[in-house]
Amino acid sequence: MLSQVVELIESKKHFCITSHIRPDGDSLGSSLALYWTLKSLDKDVQVLMRDNVPHAYSELPGAKDVLRVSSVPDGYDAAFVIECSDIDRPGLLNLDKQFVVNIDHHSTTALFGQINWIDSTASAVGEMIYNLCKALGVSVNQQIAECVYTALLTDTGSFHFSNTTERTFKIASELVRKGVKPAHISQALFYSYPYSKIKMLGLALSTLKRDDTGRVAWLTTTSDLMAEADATEEDLDGIVNYPLAVGEIEVVAFFKEISPGVFRISLRSKGQVNVAKVAEKFGGGGHRNASGCTIKGELSKISEQVVSHLQETLGIQPLNGSLNGKS
Ligand code: 5GP
Ligand code: MN
């Protein structure tokens with residue numbers, strides 16, 4: 001499938017690139033790495049996204065060139081769809097009318113493209129774009145290198161997660177040789193937060209609860225708490241990971257009220273525990289150790305349902321009333 005992608009790029013001229021709503025480091029890093037790759041081949045290319053580029057990624061090369069649209073304009077030879085489980089994930093009208101190239105590293109992705117290039121051994125789609133770059137004979141410039149490095153760093157949790165492989169380090173090393181300054185990228189990603197993010201972290205952590213076994217934890221934020229911290233939805237990113245720092249906590253759910261009665265839920269786990277399966281039960285998806293879904297309803301009911309599914313995944317028999325949680 002890599003060869004089909006190479007052939008398409010070599011034979012066509014006008015391309016657009018898109019990725020999922022609320023883009024993250026891999027979706028933006030990979031999209032922009034592909035953007036710079038196509039630009040160095042003198043192609044006509046645009047990155048189209050429904051949502052804005054989060055503050056943490058605003059310094060990525062090309063971030064300012066990302067066009068916010070609700071519909072894909074006509075006239076492209078092909079649309080690259082990066083890191084999406086299905087054709088609706090970018091949230092763009094008219095995308096299904098394009099010649100679609102689906103590039104992803106999730107094994108569960110739907111084969112919605114005319115070309116589907118899926119590599120579930122890649123730690124990030126960034127790795128795949130790096131390989132594509134090589135296959136096209138494009139030399140990795142500073143822009144491509146910074147974008148791919150950002151994708152690798154974020155999707156591997158700063159090289160902490162189990163998707164980190166020898167190949168990840170090999171590519172990272174090559175990128176540093178091409179001019180990436182790891183400290184500079186980490187500074188932009190992890191040491192440039194707005195104050196509201198840390199304030200929000202404190203408020204959210206103060207809601208932390210765990211079940212009787214201590215293995216399942218959950219935390220919540222409401223619009224009131226967000227107003228107290230003067231926080232945006234973007235400030236909530238990453239908070240779900242903190243409870244996993246506790247030795248015995250194996251899974252975490254973070255319930256985020258994004259509008260009255262609508263909760264976006266982030267799930268995280270350690271090791272073999274598969275939270276993608278739980279998210280899928282509620283119409284969402286993701287990876288084994290990081291997944292998400294959106295549920296409408298009353299918080300107490302939603303949290304009870306999600307927490308019992310998480311307990312089931314761990315083989316824990318839920319006790320009556322145990323979901324009040326201990327703090
Ligand atoms: P987050 O908790 O950071 O929002 O999402 C973690 C991961 O779960 C994302 O990288 C994405 O793969 C997946 N994910 C989150 N929400 C959804 C959703 O609504 N649908 C699908 N298919 N995947 C999701
Ligand atoms: Mn990814």
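Order of appearance sets the numbers: ligands from 1, and atoms from 1 within every ligand. Positions are given from 1, in the same order as the sequence printed here.
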Verify side chain to side chain donor-acceptor pair (under 3.5 Å) between D224 and T222, making sure each step is shown before the conclusion. CA-CA 5 Å; D224 286 350; T222 56; 5.1 Å; no
Taking the ring of F282 and the ring of H309, is the distance between their centroids below 6.0 Å? yes
Would you please indicate yes or no on a ring centroid separation below 6.0 angstrom for F15 and Y76? no
What atoms of ligand 1 come within less than 4.0 Å of a heavy atom belonging to S266? 1 (P), 2 (O), 4 (O)
With heavy atoms of H106 as the reference, note each atom of ligand 1 found under 4.0 Å away. 12 (O)
Between the main-chain N or O of C84 and the side-chain N or O of H20, is there a donor-acceptor pair closer than 3.5 Å? no
Anything under 30° is parallel, anything over 60° is perpendicular, the rest tilted; go ahead and classify H287 against H106. tilted
Identify which of H287, K256, R264, R268 has a heavy atom lying nearest to atom 6 (C) of ligand 1. R268
Which option wins on minimum heavy-atom distance to atom 22 (N) of ligand 1: G286, S27, S85, P23? S85
Report yes or no: does R89 have a heavy atom closer than 4.0 Å to ligand 1? yes
Determine, using heavy atoms of E83 and all atoms of ligand 1, whether some pair is separated by less than 4.0 Å. no
In this structure, which one of K256, K197, R264 forms a salt bridge (charged side-chain N to carboxylate O under 4.0 Å, His left out) with E233? R264
Would you verify that at least one protein heavy atom lies under 4.0 Å from atom 18 (C) of ligand 1, or report that none does? yes
Identity and separation of the nearest protein heavy atom to [atom]:
atom: atom 10 (O) of ligand 1; value: D24 OD2, 3.9 Å
atom: atom 24 (C) of ligand 1; value: G285 O, 3.3 Å
atom: atom 7 (C) of ligand 1; value: A290 O, 3.7 Å

